[in-house]
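None of the values given here were measured: they were computed from a predicted structure. By convention in this document, chain letters (A, B, ...) are assigned in the order of the sequence lines, proteins followed by strands, and residues within each chain are numbered from 1.
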Amino acid sequence: MPFHAVVDGARTGVQVPQHLTRIPINLISTSSDLTNAIVKGKVLRKGPLVSATLHDFILKAVIQEEDSQPSSSAQINAINIVLFGELAKNFSEGVSPGDVVMASGFTVSKSPTASKDKLHPLHLLLSQDANIYCFSQSSSLNPRSAVDSKRSSTVSAEVLNKTKVPKYTYTRLGDLKSGNVVNVYGVVVFFKQPFKSHGTDFCSSLKITDQSNRNVSCTIFCEKLEQHPKIFQIGDIVRMHRVKVKLFNNAITLVNTFGFSVITFDGKSSGTVEPRTSSRTFHFDEQDRKTVEELQKWISTQNVLPASPASVTLSAIQPKAYFDLTCQLLAKATIDTTCTLLRVWDGTRSPNTFVSVDPNDVEGPTSFSREKESFIANILVYDNHSMFAKQLKLGAFLRIYNLRAVPVSSKVRDINRNQAEAGDHLALHLHGGTSFGRGIRVLPENSPDVEKLKRAIAFLTEDVEDFTAEPTDLELHEVWSTPPEFLEDKAETNSTCSTSAEGSCRPQQQQVTLSQLKQSTPGQVYHVRAQLRSYEPSKLHQALKLFCSKCSSIQDIPDDELLATIFSDASKNSENCSLPKWAVPGRIELPSGSTKRAVRFYVSPRLKEEGKPKELLFIRGTTLEETCHLAQGYKNIVPVTSSESCLALMDLSSPFLFRGPRRYYGCKQCSQATLSELPSLDKLLDEKIIAEALGVQLLKFVLLMKLQLQDATDTLEVFLWKHAELFLGVSAEEVAISQEAQSSVHATLESLCPTKGAVGLRPWLDLSLISYWGDGEEGQKQTCYQICSPPISRPSSGQSEHT
DNA sequence: GGTTAGGATTGG
């Protein structure tokens with residue numbers, strides 16, 4: 001290795017070789033024998049990393065000898081050094097001004113800037129044969145040095161060996177020693193959302209644990225909310241840098257100290273490890289990913305998490321219970337100076353939470369349709385939470401912690417109301433204070449819980465018009481080799497809620513038999529009770545499709561055999577080609593069979609500047625297998641090839657992006673792909689941002705099935721399409737990568753339509769169907785049907801009305 | 001380079 005960080009030589013085993021002889025800077029001349037010479041100096045200045053030629057970097061720096069006292073002003077003890085290639089890169093990443101470095105294996109030549117900068121007339125040239133040893137002043141590497149170090153922490157020189165030695169050292173919670181400043185990983189077993197302290201900062205209080213099974217309380221003071229850990233639930237994983245170990249009441253606690261930073265991860269494995277942070281620059285490497293995955297595994301195998309107030313849906317609220325609620329904010333109203341009303345839903349039927357409010361005080365819609373109202377809960381939030389609630393945006397996805405359901409007796413009912421209507425109800429309160437982690441958190445749009453919530457409320461938020469507005473039926477029928485259809489008419493959603501149909505009330509109207517449905521006018525939503533007679537395709541992977549929301553085309557997902565051919569053809573095309581101006585090239589060693597081989601990659605200098613150069617790699621010349629292998633180690637991989645002597649994206653028949661196990665495709669028809677540099681972003685890169693930057697129209701994973709329903713009167717073929725995710729309770733994207741999601745779909749279908757057993761014993765389903773006019777063969781009109789609700793199944797008995 | 005809090009519910 002040409003670059004070494006000698007932080008604690010005894011510990012890391014890195015030593016400056018004994019055979020080298022120190023040469024004072026002022027004695028360096030063109031006639032010096034430099035074979036075994038080594039110079040030592042403090043880094044005075046460090047220039048930027050410059051991309052010089054196609055495959056190279058240059059970095060200039062100035063070092064000054066600290067321990068030599070120039071006997072006369074004529075003796076110069078500072079010298080320019082010029083580093084090339086990997087060494088320049090490592091120096092750029094690993095060395096800060098003020099660090100002491102030693103250099104060997106260099107050559108010298110005349111310094112072109114000597115007359116201007118008055119430094120040494122020669123400069124040192126360090127290429128791949130040279131060595132740099134860095135004695136970092138950083139406090140973050142080693143807890144012991146951190147305590148002694150008077151210097152504020154700089155993140156520097158943690159690069160020792162890029163692949164084997166971690167940039168940061170993490171202390172197990174069982175090994176914490178009072179007084180040390182440490183970096184730690186931990187699983188959250190208790191937390192409070194940040195709250196305003198009596199001082200200048202917000203305060204987060206949490207308790208974490210790890211494989212050493214020690215629980216440690218942490219207190220984080222930060223002025224800005226975004227600097228606080230983004231904890232959504234117990235079981236999340238936090239990584240904290242530079243926390244000080246203190247003793248309080250005889251117990252070890254951690255408090256943030258100078259240079260503190262934190263990132264948070266989901267405690268449940270989802271295939272990819274996505275750090276939650278607002279920080280533009282944070283270090284996250286392969287080792288971090290492994291650490292997080294080990295903790296995720298540990299959580300899943302150990303019973304480490306305390307029984308937390310379970311996340312509960314509105315329909316499952318128990319009176320007197322405390323619980324956490326994940327929901328969407330629809331409207332809010334000021335009740336008084338200490339209390340705000342939040343109107344929310346989560347897609348399940350709400351208990352009666354009547355709150356009287358003046359419509360003039362309401363922000364957002366003052367009323368909803370009667371059926372929508374039956375899904376809405378009213379929550380009163382007090383004091384500190386009331387203040388916070390006032391700045392919440394309508395439509396936001398929230399998690400409300402330690403919500404309480406208080407039974408309210410009917411004694412206080414309005415005398416004018418009918419007794420039955422004004423019956424007992426639940427009052428939902430978020431009391432003041434932060435005990436038991438009480439608080440409200442806005443969940444980001446991309447969190448798995450929000451994705452789940454969106455699916456659950458889809459049937460409430462999408463009006464019937466949405467179904468028919470999309471010209472997708474053309475595609476639906478083409479996929480099934482049936483006459484193409486196209487929608488024109490719009491259905492209406494005049495609906496009333498049948499209160500007699502307890503639990504099955506949906507925003508739609510008449511319950512009809514299949515026979516009646518076939519004779520009724522298209523353009524409406526109907527409620528049916530039916531059994532699932534059959535479904536196709538029987539093989540789930542055939543139900544998974546790619547959908548373009550721009551041109552509404554649907555296509556199959558290419559199989560690996562086809563993809564392998566595309567990759568192999570592309571890699572044959574290895575001619576030299578011109579690079580986009582921004583691309584910084586590099587090479588990665590890949591194990592290929594028994595031999596290693598190097599493949600080319602390109603990175604964006606902007607991401608590099610932001611401290612995450614490997615966040616997005618453009619890879620050239622790999623096989624499909626190798627690309628998948630690389631995708632396990634790097635967050636975002638975009639395969640590229642050479643096209644007409646220019647670097648270009650690969651054919652859009654193959655995925656344009658690999659993210660962990662996930663593959664993303666673009667629409668051939670709607671994309672205008674160009675290899676552009678990514679815009680500067682505060683947000684973490686995701687498939688949407690990358691697709692947009694590359695001019696790719698991202699294709700959505702969708703599920704498309706055809707079901708045959710039956711009741712006593714008839715059978716009916718219906719599409720399961722727009723609401724397939726809701727119906728099957730999974731996201732199509734998960735089905736594409738997760739065996740668990742696939743099994744869940746199989747289980748759902750098997751429960752509705754068992755392969756064995758009498759047809760009559762199959763469960764009866766309460767379903768909402770939308771019917772609409774489509775264009776049939778040779779311009780003929782034909783009625784089509786789509787499912788637009790989740791299935792609510794009932795035992796096969798009690799269906800006598802149809803049998 | 002100083003402060004805050006230091007989990008623990010009954011309350012509209």
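For the pair A:Asn256 CG and B:dG6 C1', the computed distance is 14 Å after rounding to whole Å. Rounded to whole Å, atom P of B:dA8 lies 10 Å from atom CZ of A:Arg438. Atoms CG (A:Leu430) and P (B:dT10) sit 14 Å apart, rounded to a whole Å. Between A:Ile400 atom CD1 and B:dT9 atom P the separation is 21 Å, expressed in whole Å. Rounded to whole Å, the distance from CG on A:Leu380 to C1' on B:dG11 is 12 Å. The NZ atom of A:Lys244 sits 13 Å away from the P atom of B:dG1 (whole-angstrom rounding). The separation between A:Ile220 atom CD1 and B:dA5 atom P is 15 Å, rounded to whole Å. Rounded to whole Å, the distance from CG on A:Asn402 to P on B:dT10 is 11 Å.
With sequence neighbours left out, A:Phe284 forms a ring-ring contact (aromatic ring centres under 6.0 Å, His included) with A:Phe265. With sequence neighbours left out, the side-chain contact (heavy atoms from CB on, under 4.5 Å) criterion links A:Phe388 to A:Gln391, A:Leu392, A:Ile440.
The pair A:Asp99-A:Lys42 does not count as a salt bridge, with every side-chain nitrogen at least 4.0 angstrom from each carboxylate oxygen. Taking the charged nitrogens against the carboxylate oxygens, A:Arg606 and A:Glu615 have no contact shorter than 4.0 Å, which rules out a salt bridge. Taking 4.0 Å as the cut-off between side-chain N and carboxylate O, A:Glu294 and A:Lys290 do not count as a salt-bridged pair. A salt bridge does not link A:Glu66 to A:Lys40: none of the charged nitrogens lies less than 4.0 Å from a carboxylate oxygen.
Counting non-hydrogen atoms under 4.0 angstrom, A:Ser435 reaches the backbone sugars and phosphates but no base. Across all strands, A:Gly432 comes closer than 4.0 Å to base atoms (heavy-atom distances). Within the nucleic acid shown, A:Asp336 has no heavy atom closer than 4.0 Å to any nucleic acid atom.
Two residues are said to be in side-chain contact when any heavy atoms from C-beta on lie closer than 4.5 Å; A:Arg239 and A:Val262 fail this criterion.
In this structure, A:Phe436 counts as stacked on the base of B:dT9 under the 5.5 Å centre distance and 30° plane angle limits. Aromatic stacking of A:Phe221 on B:dA5: not satisfied for centres closer than 5.5 Å together with planes under 30 degrees.
B:dG6 sits 15 Å from B:dT10 when the P atoms are compared, rounded to a whole Å.
Within the structure, every pair that satisfies the side-chain hydrogen bond (donor to acceptor under 3.5 Å, both in side chains) test and touches residues 217-234 of chain A, not counting sequence neighbours, is listed here: A:Ser204-A:His228, A:Lys230-A:Ser278.
Considering only side-chain atoms of A:Arg404, the nucleotide from B:dG11, B:dA5, B:dG12 that sits closest is B:dG11. Distance from the side chain of A:Phe248 is smallest for B:dG6 among the nucleotides B:dT10, B:dG7, B:dG6.
The phosphate of B:dG6 (OP1 or OP2) has a side-chain N or O of A:Lys192 nearer than 4.0 angstrom.
Comparing A:Tyr382 and A:Thr434 against DNA chain B, the residue whose closest nucleotide sits nearer the 5' end is A:Thr434.
Looking at A:His431, its side chain comes within 3.5 Å of the base of B:dG12 through a donor and an acceptor atom. For A:Tyr322 against B:dG11, a side-chain-to-base donor-acceptor contact under 3.5 Å is present.
In DNA chain B, no stem built from three or more successive Watson-Crick or G-U pairs (distances below 3.5 Å) is found.
Contacts of residues 198-213 of chain A with DNA chain B (heavy atom under 4.0 Å): A:His198, A:Gly199, A:Thr200, A:Asp201, A:Cys203, A:Lys207.
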Throw together a table of side-chain donor-acceptor distances under 3.5 angstrom for residues 333-341 of chain A, partners on residues two or more places apart or in other chains.
| residue | atom | partner | partner atom | Å |
| --- | --- | --- | --- | --- |
| A:Asp336 | OD1 | A:Thr338 | N | 2.8 |
| A:Asp336 | OD1 | A:Thr338 | OG1 | 3.1 |
| A:Asp336 | OD1 | A:Cys339 | N | 3.0 |
| A:Thr340 | OG1 | A:Ser386 | OG | 2.7 |
| A:Thr340 | OG1 | A:Lys390 | NZ | 3.2 |

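The distance from atom OG of A:Ser374 to atom CG of A:Leu314, rounded to the nearest 0.5 Å, is 11.0 Å.
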